[in-house]
Amino acid sequence: SYLVRKPPPAVFASYLIRIRPNRDLISSEFLSTYLRGESYWQQIRGGMRGGAQPNFNATMLKNLSVPLPPIDDQRRIVARLDEQMAHANALIRTLESERQALTALPAALLREVFG
């Protein structure tokens, strides 16, 4: 699932499903966040049909349950999640930097001991 804010003129392939939500009812950012969540994917996995290549079509997608808090609450939820993700990404960068420092430590210690 991807949120495309300004799609170029294009023809969608039959295996793609384009969703254009009613902006008075649902924030595109909220829907995009929901479509990456476990609740959504549980519904998808539970609704797939077919044998060798299970599929899920647009008609089936229309029947999915999507929680719809008031639009202002949706915006607050997305803003809070964005804030939390920014913190998480900063922590990931810090941890990666620390991991790199720890990886370099044994060689630095050997150089110090043996010159």
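- Shortest non-hydrogen contact noted between Tyr34 and Tyr40 is O-CB, 3.4 Å.
- Annotation: side chain of Thr33 is not in contact with side chain of Ile77 (no heavy-atom distance under 4.5 Å).
- Residues Leu31 and Leu3 have side chains not in contact (no heavy-atom distance under 4.5 Å, counting atoms from C-beta outward).
- At least one donor-acceptor pair closer than 3.5 Å links the side chain of Gln74 to the backbone N or O of Leu25.
- Here the straight-line distance linking atom CG of Leu61 with atom CD of Gln43 works out to 9.5 Å at 0.5 Å rounding.
- With hydrogens and angles left out, the side-chain atoms of Arg36 and Ser32 include a donor and acceptor closer than 3.5 Å.
- Side chain of Ser97 to backbone of Arg93: no donor-acceptor contact under 3.5 angstrom is found.
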Walk me through whether Asp24 and Ile71 qualify under side chain to side chain contact (heavy atoms under 4.5 Å, CB included).
CA-CA 7 Å; Asp24 294 332; Ile71 193 76; over 6 Å; no

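- Note that the OG1 atom of Thr103 and the CD atom of Glu98 stand 11.0 Å from one another [nearest 0.5 Å].
- Applying the 6.0 Å contact sphere to CD of Glu112 captures no more than 12 heavy atoms from other residues, nucleotides or ligands.
- Side-chain contact between Arg5 and Glu29 is present, with heavy atoms from C-beta onward closer than 4.5 Å.
- Ion pairing of Glu83 with Arg80 is present here, as a side-chain N (NZ or NE/NH1/NH2) and a carboxylate O approach within less than 4.0 Å.
- The side-chain heavy atoms of Phe30 and Pro69, taken from C-beta on, include a pair separated by under 4.5 Å.
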Before giving the answer on side chain to side chain contact (heavy atoms under 4.5 Å, CB included), spell out for Val66 and Leu35 the whole-Å C-alpha distance, their side-chain angles and the decisive distance to 0.1 Å.
CA-CA 9 Å; Val66 177; Leu35 295 180; 5.6 Å; no

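- Remark: Arg45 pairs with Glu38 by the salt bridge (charged side-chain N to carboxylate O under 4.0 Å, His left out) rule, at least two apart or across chains.
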